[in-house]
Each structure stands twice: as C-alpha cells, then as structure tokens.
Student: 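First, the structure itself, so that you have it in front of you.
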Amino acid sequence: SPACVNICPANALSRDEETGIVRLKPDKCIGCKSCIKACPFDPPRIKFNEEKGIAFKCDLCKDREGGPICVEYCPAKALTFVPGEER
C-alpha cells in the first residue's frame with residue numbers, strides 16, 4: 001500500500017486495484033505536499049505545481065488508447081510499458 005495514498009488527508013490519491021497505478025485527483029488535492037514527503041522514491045514520483053498550488057503525478061496516459069505517449073516518442077526506445085506493472 002503506497003505511503004502517499006495512506007498519508008493524504010484529502011483522499012486525493014488512490015491506487016487502481018487493476019493496474020496498481022497510483023492516481024491523483026487534482027480537484028481533491030489541498031496542496032499540503034504530504035504525499036511528496038511520504039514518497040519513498042528519489043526523486044519523488046509526485047511533483048508540485050506551484051502555479052496551481054496542487055500536486056500532480058503521471059497517470060501513464062490512462063485514457064490514451066495507445067498507452068503512455070512517452071514510450072511512443074522516446075528517441076532511444078529506452079521505455080516500455082507493461083500493463084499492470086508500475087515501475
């Protein structure tokens with residue numbers, strides 16, 4: 001269970017049970033940055049948008065039929081996406 005999901009006081013983060021991807025709902029984020037501090041990864045997978053005053057996180061282009069666009073456009077073909085595995 002991701003630390004960022006557990007610590008969020010606004011319940012703005014959730015883990016998709018099917019894919020394992022942690023998703024952030026920007027409309028629920030209160031901008032406390034608790035999720036960023038709790039992230040065990042270096043650098044943290046959650047960033048902060050100073051202009052909007054809320055956190056943001058890659059959602060692996062969840063609504064894009066072809067999957068994450070970064071995989072498609074990586075010039076070195078160094079990225080892959082395996083559904084169900086967030087790395």
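From a predicted model like this one, the values you see are computed outputs, not experimental measurements.
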Student: I want to check something: taking the side chain as every heavy atom from C-beta on, are Asp59 and Leu24 in contact at a cut-off of under 4.5 Å?
Tutor: no
Student: Distance check, rounded to the nearest 0.5 Å: Ser34 atom OG versus Leu13 atom CG?
Tutor: 10.0 Å
Student: Could you report the tightest heavy-atom contact between Pro2 and Val22, atom names first, then the distance?
Tutor: CG-CG2, 3.6 Å
Student: Determine the minimum heavy-atom distance between Ser1 and Asn6, stating which atoms define it.
Tutor: OG-ND2, 2.8 Å
Student: Going by heavy atoms in the side chains, are Phe56 and Ile46 under 4.5 Å from each other?
Tutor: no
Student: Heavy atoms only: give me the nearest Cys61-Gly67 pair and the separation to one decimal.
Tutor: CB-O, 3.8 Å
Student: Taking the side chain as every heavy atom from C-beta outward, state whether Cys32 and Pro9 have any atom pair closer than 4.5 Å.
Tutor: yes
Student: Taking the side chain as everything from C-beta on, heavy atoms only, tell me whether Val71 gets closer than 4.5 Å to Pro68.
Tutor: yes
Student: Does a side-chain heavy-atom distance below 4.5 Å link Lys62 with Arg23?
Tutor: yes
Student: Can you confirm whether more than 12 heavy atoms, excluding those of Lys47, are under 6.0 Å from its NZ atom?
Tutor: yes
Student: Rounded to the nearest 0.5 Å, what separates atom NZ in Lys57 from atom SG in Cys29?
Tutor: 13.5 Å
Student: With a cutoff of under 4.5 Å between side-chain heavy atoms, which Ile, Leu, Val, Met, Phe, Trp and Tyr residues group with Ile30?
Tutor: none
Student: When rounded to the nearest 0.5 angstrom, what distance separates CG in Leu60 from CD1 in Ile21?
Tutor: 4.5 Å
Student: Can you find a pair of side-chain heavy atoms, one from Asp16 and one from Ser14, that are under 4.5 Å apart?
Tutor: no
Student: Taking salt bridge (Lys or Arg N to Asp or Glu O under 4.0 Å) as the cut-off, I'd like each qualifying pair that reaches into residues 74-83, sequence neighbours left out, listed once.
Tutor: none
Student: Give, for atom NZ of Lys37 and atom SG of Cys39, the distance between the pair rounded to the nearest 0.5 Å.
Tutor: 13.5 Å
Student: Enumerate the side-chain hydrogen bond (donor to acceptor under 3.5 Å, both in side chains) contacts for residues 63-72, please, sequence neighbours excluded, ordered by first and then second residue.
Tutor: Arg64-Glu72
Student: With rounding to the nearest 0.5 Å, note down the distance linking SG in Cys4 to CZ in Arg15.
Tutor: 10.5 Å
